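Report on the following structure.
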Amino acid sequence: MAQLSLFLVVLLALVIPIFMARFQISNVPTAVAEIIVGIVMGSSGFNLITSTHDLTFLSNLGVILLMFLSGMEIDFDLLQRKNNPKGKSQAGKMVDPLKTAIIAFIGIVVMAFVLAYILRLTGLLSEVMLAAIILMTVALGVVIATLKEKDILGRPIGQTILLTAVLGEVIPLLLLTIYASVNGGNAEQLWLIILLFAAAIFLLRRFKQPYLWFAKITKATTQLDIRLAFFLIFALVTVAERVGAENILGAFLAGVVMKLLEPSEATRDKLTSIGYGFFIPIFFIMTGVGLNLRSLFAHPSSLMLLPVLVIFLFIAKAPVVLTYMRYFQKKNAFAGGFLTATTITIVLPTLQVARKLHAITSTQSDAFILAAVIVCILSPIVFNSNFVLLPEDKIKEKVAIVGANAVTVPVAHDLHANWYSVKMFTDKKNQYKTYDSRVENLTFLPNLDEETLEKDGVFDGDIVVAANRADEDNIKIARMAKEKDVNRVIARLSEVDSKTLTEFDEKGIEVFNSTNVHAALMRAMIESPTVYRIMTDTKNILYSVKVKNTHYTGRQLMDLEFIDQITVSRIKRGDEWLIPRGATVIEPGDILVFSGEFKVADRVRDLLSKE
């Protein structure tokens with residue numbers, strides 16, 4: 001029976017995503033589907049799967065890897081204000097994603113404690129702290145997947161929802177650690193948890209340089225990056241258990257350390273494959289197997305807890321809706337609030353800890369899990385049904401061009417509207433009068449000082465192009481834009497001296513010199529007329545795209561369904577340029593340079609760049 005149970009769990013882990021893809025079930029997270037199938041196959045249903053020693057071991061590894069990958073999902077750069085610049089929201093107001101997310105989460109915390117206290121007063125659950133922790137959690141993985149599907153992670157509302165979810169995973173986990181230490185009789189050892197964080201910092205500093213070396217010498221038979229990841233996991237899990245903390249906190253911190261080591265796309269892809277490809281599905285399926293709905297239905301008090309918890313999980317996130325409505329379109333604010341109600345990732349480990357501490361009964365735990373499953377089914381459906389992509393949500397990059405002239409105006413018109421939102425600025429009255437009727441977003445700048453440029457939003461874009469006629473203006477603007485941490489800065493210079501060129505090269509500022517460009521085009525026309533025709537073709541377009549969509553990685557070029565409609569010229573992998581062949585295997589992070597007809601090329605670029 002034990003061997004049959006293991007076989008059935010592994011079989012279901014394979015079949016469930018295939019079934020969901022076949023019948024196009026996209027609104028329900030795979031984890032939720034796995035829990036539901038586990039319920040059907042476990043003691044609540046056909047009783048074909050039972051908990052065995054091997055399955056318990058694999059399930060425990062699954063939850064550890066789940067927390068590790070949750071830690072890797074958190075991008076702490078987002079918490080830095082320079083990486084969260086204020087932007088104009090859908091309601092036309094300036095929004096600070098970090099500030100808005102913090103206000104929204106403070107509201108969640110307050111509401112969670114109020115609702116937890118109500119549960120205590122009604123006698124449904126006596127543990128206020130435990131209930132509050134569960135009610136304030138947000139399933140970061142589900143939120144990221146949903147936002148990626150809508151392709152709004154880079155927009156103000158997407159970043160605000162993402163940051164709210166980050167806080168909804170990190171803060172409850174820290175509170176759970178404190179709760180477990182106090183209720184586990186280790187309150188006097190609570191300060192020892194600082195040692196866990198100290199160990200994490202030590203490992204981060206210790207392995208920063210060796211990791212870069214590992215990445216260079218690793219090969220298929222050693223996989224040093226993966227070995228290091230598992231060392232970090234078990235090292236911090238061991239330290240966590242020794243100081244009286246929960247192993248899930250150690251695994252989570254290991255994920256954070258791994259993230260800060262800046263692993264390559266290939267490493268992240270391999271770790272995700274190991275976790276979600278085998279161990280984590282077993283954990284979710286066994287969670288469903290362990291649910292005893294018959295016992296739940298036999299206890300009226302626990303059964304009554306179920307609908308109350310479902311309602312409370314939604315009400316706990318009501319402050320998010322109220323906060324978002326101040327900045328975003330009401331319908332989208334409502335959808336965003338519902339999305340943050342998803343809560344499964346931290347809930348399951350939290351309930352494991354609570355059962356171990358005897359702070360909650362098994363039937364109460366089952367009610368919480370079932371409530372979380374119901375909410376995880378409903379929340380993405382409500383979000384996808386109500387969220388409306390506005391024109392500004394569809395824009396990929398914001399371009400600010402300073403200087404309206406015969407060179408920049410045609411460029412602004414030719415940049416593809418599906419990929420770029422262009423704003424032009426000029427400090428010349430005659431240029432403003434000449435081009436105001438021809439350029440949709442042209443702003444007159446009284447002067448080019450830093451305060452004026454920042455006030456008018458020149459540095460709010462992803463790309464700043466300094467293209468005035470005067471080189472000194474462009475040099476000044478380019479320097480200021482780089483100091484404001486603009487992603488890409490391009491300076492148009494008529495004359496380039498070596499000192500400025502060296503400075504700009506060190507700062508990552510790109511230089512456009514018309515003389516060099518004209519000479520390069522003339523050389524291309526003489527030496528490679530085909531290349532020249534591709535660059536000047538009005539029916540086709542030349543694109544470069546970084547491959548982020550894992551659906552197309554690990555596959556040969558010849559196997560891509562659209563390969564017969566485009567021409568791949570080059571592939572850049574790291575610092576190396578590859579000559580594309582039919583058998584070339586695409587890897588995560590590869591940059592493909594390709595050309596094709598406008599509509600086809602747009603579709604291919606969109607497919608490959610989706611995360």
Side-chain angles (χ1 to χ4, degrees), residues 78-79 81 84-119 121 128 131-140 142-144 146-147 150 152-153 155-172 175 307-347 371-372 374-390 392-393:
L78 289 173
L79 301 179
R81 192 166 297 276
N84 269 289
K86 294 181 180 179
K88 190 166 283 190
S89 71
Q90 299 162 329
K93 298 179 180 178
M94 294 302 291
V95 59
D96 183 334
L98 179 57
K99 181 181 177 182
T100 308
I102 290 173
I103 293 171
F105 188 72
I106 290 172
I108 291 174
V109 172
V110 173
M111 183 63 75
F113 275 101
V114 170
L115 295 174
Y117 191 70
I118 291 173
L119 287 174
L121 289 177
V128 173
I133 291 171
I134 293 175
L135 290 171
M136 72 176 70
T137 59
V138 182
L140 179 60
V142 177
V143 170
I144 288 176
T146 308
L147 294 177
K150 283 290 184 184
I152 57 168
L153 267 175
R155 303 274 62 85
I157 189 167
Q159 284 207 341
T160 305
I161 295 172
L162 175 62
L163 285 165
T164 306
V166 168
L167 293 171
E169 185 152 286
V170 175
I171 303 301
L175 291 176
V308 173
L309 287 176
V310 172
I311 294 169
F312 277 20
L313 283 169
F314 284 121
I315 294 176
K317 304 310 187 311
V320 177
V321 178
L322 297 175
T323 304
Y324 288 3
M325 279 185 176
R326 295 170 56 191
Y327 302 100
F328 306 109
Q329 190 186 61
K330 290 184 178 179
K331 195 172 183 180
N332 288 350
F334 174 78
F338 256 85
L339 185 60
T340 59
T342 54
T343 171
I344 198 77
T345 312
I346 302 294
V347 166
I374 293 170
V375 170
C376 263
I377 293 173
L378 293 178
S379 293
I381 293 174
V382 172
F383 177 81
N384 288 321
S385 301
N386 286 273
F387 192 90
V388 179
L389 278 172
L390 300 180
E392 57 264 36
D393 292 322

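Keep in mind the model is a prediction, meaning the values are calculated, not measured. Residue numbers count from 1 along this sequence. All values below come from the heavy atoms of this structure, side chains included, with hydrogens, waters and symmetry mates left out.
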Who passes side chain to side chain donor-acceptor pair (under 3.5 Å) against Thr164, sequence neighbours left out?
-> Tyr324
Can you name the closest pair of heavy atoms from Pro380 and Ile377 and give their distance?
-> CD-O, 3.8 Å
Rounded distance [0.5 Å steps], CD1 in Ile103 versus CG in Leu98 = 10.0 Å
At what distance, to the nearest 0.5 angstrom, does CG of Asn332 lie from CD1 of Ile161?
-> 8.0 Å
Report the residue from Phe387, Phe314, Phe383 that forms a ring pair (Phe, Tyr, Trp, His ring centres under 6.0 Å) with Phe338.
-> Phe314
When rounded to the nearest 0.5 angstrom, what distance separates CG in Leu135 from CG in Leu309?
-> 7.0 Å
Before giving the answer on side chain to side chain contact (heavy atoms under 4.5 Å, CB included), spell out for Ile108 and Lys317 the whole-Å C-alpha distance, their side-chain angles and the decisive distance to 0.1 Å.
-> CA-CA 6 Å; Ile108 291 174; Lys317 304 310 187 311; 3.8 Å; yes
If you look at every heavy atom in Ile134 and Leu313, which pair is closest and at what distance?
-> O-CD2, 4.2 Å
At their closest point, which heavy atom of Ala101 faces which heavy atom of Leu167, and how far apart are they?
-> O-CD1, 3.9 Å
Is Ser379 reaching over with its side chain to a backbone N or O of Cys376, donor-acceptor style, under 3.5 angstrom?
-> no
List the atom of Ala335, the atom of Asn386, and the distance in Å for their closest heavy-atom pair.
-> CB-CB, 4.0 Å
For the atom pair NZ (Lys99) and OG1 (Thr160), what is the distance rounded to the nearest 0.5 Å?
-> 12.5 Å
Nearest-0.5 Å distance that lies between atom OG1 in Thr100 and atom CG in Leu163 | 9.5 Å
Side chain to side chain contact (heavy atoms under 4.5 Å, CB included) assessment of Tyr117 paired with Val114 = CA-CA 5 Å; Tyr117 191 70; Val114 170; 5.9 Å; no
Residue pair Ala316 / Pro319: nearest heavy atoms and the distance that separates them = O-CD, 3.4 Å
Met136 CE to Phe113 CZ distance, which is reported to the nearest 0.5 Å = 4.5 Å
When every non-hydrogen atom of Ala131 is compared with those of Ala116, the smallest separation belongs to CB-CB, 3.7 Å
Take Val382 and Phe334 through the test side chain to side chain contact (heavy atoms under 4.5 Å, CB included) and record every step on the way to the result.
-> CA-CA 9 Å; Val382 172; Phe334 174 78; 4.0 Å; yes
Working for side chain to side chain contact (heavy atoms under 4.5 Å, CB included), residues Leu140 and Leu162 | CA-CA 8 Å; Leu140 179 60; Leu162 175 62; 3.9 Å; yes
